[in-house]
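These numbers were taken from a predicted model, which means no experiment stands behind them.
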Amino acid sequence: MQYEELIGNVQARARLSGREAAERVTGAVLRTLAERLPDGLTGHLFAQLPSAPAASVTDGAGEAGVPAHEPERSGHGERFDLTAFAGRVAWRAGVSEDVALEQTAAVFEVLDAAVAPELMEKLEAALPADIGKLLPMARAREDGR
């Protein structure tokens, strides 16, 4: 998937009014996800994405609303729950936590279409259940009850 398509899909799925908002929320979700996941899994994820979103996360300076002085991670994902995840995405994207959760689910849907299914399974396994429930496969299982 190319960058334009990825951002356009996020914009459509999240029902955002403009491209800038889609770029902002995509960057916010990817940065927060990168903080939560082990580095190896983050690297695999970013290797399957267009370079622009991954670069905005890894350089620490290209994303709106994210200070360049954020601390480096130790190589292991930080341990935080859905509330903290939503708060970080909300702060970075400039939206409420409820909106951040809806937009995160939309970004996860686009990621599901953009990366290998095995990678999404690894992503689900690496996330705590409360964050993982935003992934398309978890929501599909929940709807199928």
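When the side chains of ILVMFWY residues are joined at heavy-atom separations under 4.5 Å, either directly or via intervening members, L101 and F80 end up in a single hydrophobic cluster. Hydrophobic clustering (ILVMFWY, side-chain heavy atoms < 4.5 Å, transitive): M120 and L134 are in one cluster. A continuous path of ILVMFWY side-chain contacts below 4.5 Å connects L135 to L111, so both sit in one hydrophobic cluster. Connection of L82 to V99 is not established within any shared hydrophobic cluster, with ILVMFWY side chains joined at heavy-atom distances below 4.5 Å, either directly or through further cluster members. The cluster map of Ile, Leu, Val, Met, Phe, Trp and Tyr, joined by side-chain heavy atoms under 4.5 Å apart, puts L30 and L41 in the same cluster.
When side chains are defined from C-beta on, L49 does not count as touching Y3, because their heavy atoms never get closer than 4.5 Å. Taking 4.5 Å as the limit, every side-chain heavy atom of L33 sits out of range of all side-chain heavy atoms of T42. Contact annotation: the side chain of Q103 never approaches that of R15 to less than 4.5 Å [non-hydrogen atoms, C-beta and beyond].
Here the CG atom belonging to L127 is positioned 13.0 Å from the NZ atom belonging to K133, to the nearest 0.5 angstrom. For the atom pair CG (L123) and CD (E118), the distance works out to 13.0 Å, reported to the nearest 0.5 Å. Note: L6 CG to T26 OG1 = 6.0 Å, rounded to the nearest 0.5 Å. Note that CD of E20 and CD of Q11 are 11.0 Å apart. Values are rounded to the nearest 0.5 Å.
For E5, the CD atom sits in a packed shell: over 12 heavy atoms of surrounding residues, nucleotides or ligands are nearer than 6.0 Å.
Taking all atoms of both residues into account, the shortest heavy-atom contact from Q2 to P50 is C-CG, 3.6 Å. The nearest pair of heavy atoms linking V89 to A100 is CG1-CB, 3.8 Å. Shown here for P38 and A126, the closest heavy-atom pair between the two residues is CD-CB, 4.4 Å. Between H44 and L119, the shortest heavy-atom contact is O-CD2, 3.7 Å.
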Walk me through it: do N9 and M1 pass the test side chain to side chain contact (heavy atoms under 4.5 Å, CB included)? CA-CA 10 Å; N9 288 344; M1 181 176 290; 3.5 Å; yes
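Proximity of a side-chain donor or acceptor of Q48 to a complementary backbone N or O of A114 within less than 3.5 Å is not detected.
Under 4.0 Å is where a charged nitrogen must lie from a carboxylate oxygen, and between E35 and R92 at least one such pair does. The pair R13-E102 does not meet the salt-bridge criterion, since no charged nitrogen lies less than 4.0 angstrom from a carboxylate oxygen.
At least one test fails for R36 against the ring of F85: distance under 6.0 Å to the centre or angle within 45° of the axis.
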